[in-house]
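Atoms considered below: every heavy atom in the structure, side chains included; atoms not considered: hydrogens, waters and symmetry mates.
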Amino acid sequence: MYQYLSSEKREYVLSRQVLRSGTSIGANVKEAIRGQSRADFYSKLNIALKEASETEYWLELLAESGYIEKSHFDSMYSNCQEIISILVAITKTQKVIDEK
């Protein structure tokens, strides 16, 4: 998407932001898996969740500004919301475990 937006649409700001936040999700999940403690795991997953929410925001802006078609937006947005749901479920479960 970034390559398409930057080369075809000449849009650089929003596309770079969604690229940065979108790739940060996976990086933080990977760091969480290798976390040094439960607290570190939880912290990294929360950062991944924040990045997913930010990605959702940039996708909304790209759609509202007309840079991406509705069908592409719907697919990416749906995937982003699914990732958010997964991360919310994991962080809630982790919080409950830590409170015991």
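Cluster membership for I33 and L87, using ILVMFWY side-chain heavy atoms within less than 4.5 angstrom, is shared. One hydrophobic cluster, built from ILVMFWY side chains closer than 4.5 Å, holds both L14 and Y4. The hydrophobic cluster containing W58 does not contain Y12, counting ILVMFWY residues as joined when their side-chain heavy atoms lie under 4.5 angstrom apart, directly or transitively.
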Donor-acceptor contacts, no H, no angles, side chain residues 17-26, under 3.5 Å, sequence neighbours left out:
{"from": "R20", "atom 1": "NH1", "to": "E51", "atom 2": "OE1", "distance (Å)": "3.3"}
{"from": "R20", "atom 1": "NH2", "to": "E54", "atom 2": "OE1", "distance (Å)": "3.2"}
{"from": "R20", "atom 1": "NH2", "to": "E54", "atom 2": "OE2", "distance (Å)": "2.3"}
{"from": "S21", "atom 1": "OG", "to": "Q17", "atom 2": "O", "distance (Å)": "3.2"}
{"from": "S21", "atom 1": "OG", "to": "T55", "atom 2": "OG1", "distance (Å)": "2.8"}
{"from": "T23", "atom 1": "OG1", "to": "L19", "atom 2": "O", "distance (Å)": "2.8"}
{"from": "T23", "atom 1": "OG1", "to": "R20", "atom 2": "O", "distance (Å)": "3.2"}
{"from": "S24", "atom 1": "OG", "to": "N28", "atom 2": "ND2", "distance (Å)": "3.0"}

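Considering all non-hydrogen atoms of both residues, G66 and K9 come closest at O-NZ, 4.3 Å. The shortest non-hydrogen separation linking C80 to A52 is SG-O, 3.3 Å.
Rounding to the nearest 0.5 Å gives a distance of 10.5 Å between CG of L62 and OH of Y57. Taking CD from Q36 and OG from S43, the interatomic distance works out to 11.5 Å, rounded to the nearest 0.5 Å. We find the OG-CE distance between S6 and M1 to be 10.5 Å, quoted to the nearest 0.5 Å. The CD1 atom of I84 sits 4.0 Å away from the OG atom of S53 when rounded to the nearest 0.5 Å. Residue I86 holds its CD1 atom at 11.5 Å from CG of L49, rounded to the nearest 0.5 Å. Rounding to the nearest 0.5 Å places CD of E60 at 12.0 Å from CE of M76.
Taking the side chain to side chain donor-acceptor pair (under 3.5 Å) definition, one finds that D40 meets it with nothing, sequence neighbours left out.
Counting only residues at least two apart or in different chains, ring-ring contact (aromatic ring centres under 6.0 Å, His included) contacts with residues 65-94 comprise F73-Y77. Sorted by first and then second residue, the salt bridge (charged side-chain N to carboxylate O under 4.0 Å, His left out) pairs with a member in residues 67-77 read K70-D74; sequence neighbours excluded.
Side-chain atoms of Q81 never come within 3.5 Å of backbone atoms of I83 as a donor-acceptor pair (strictly under, hydrogens ignored).
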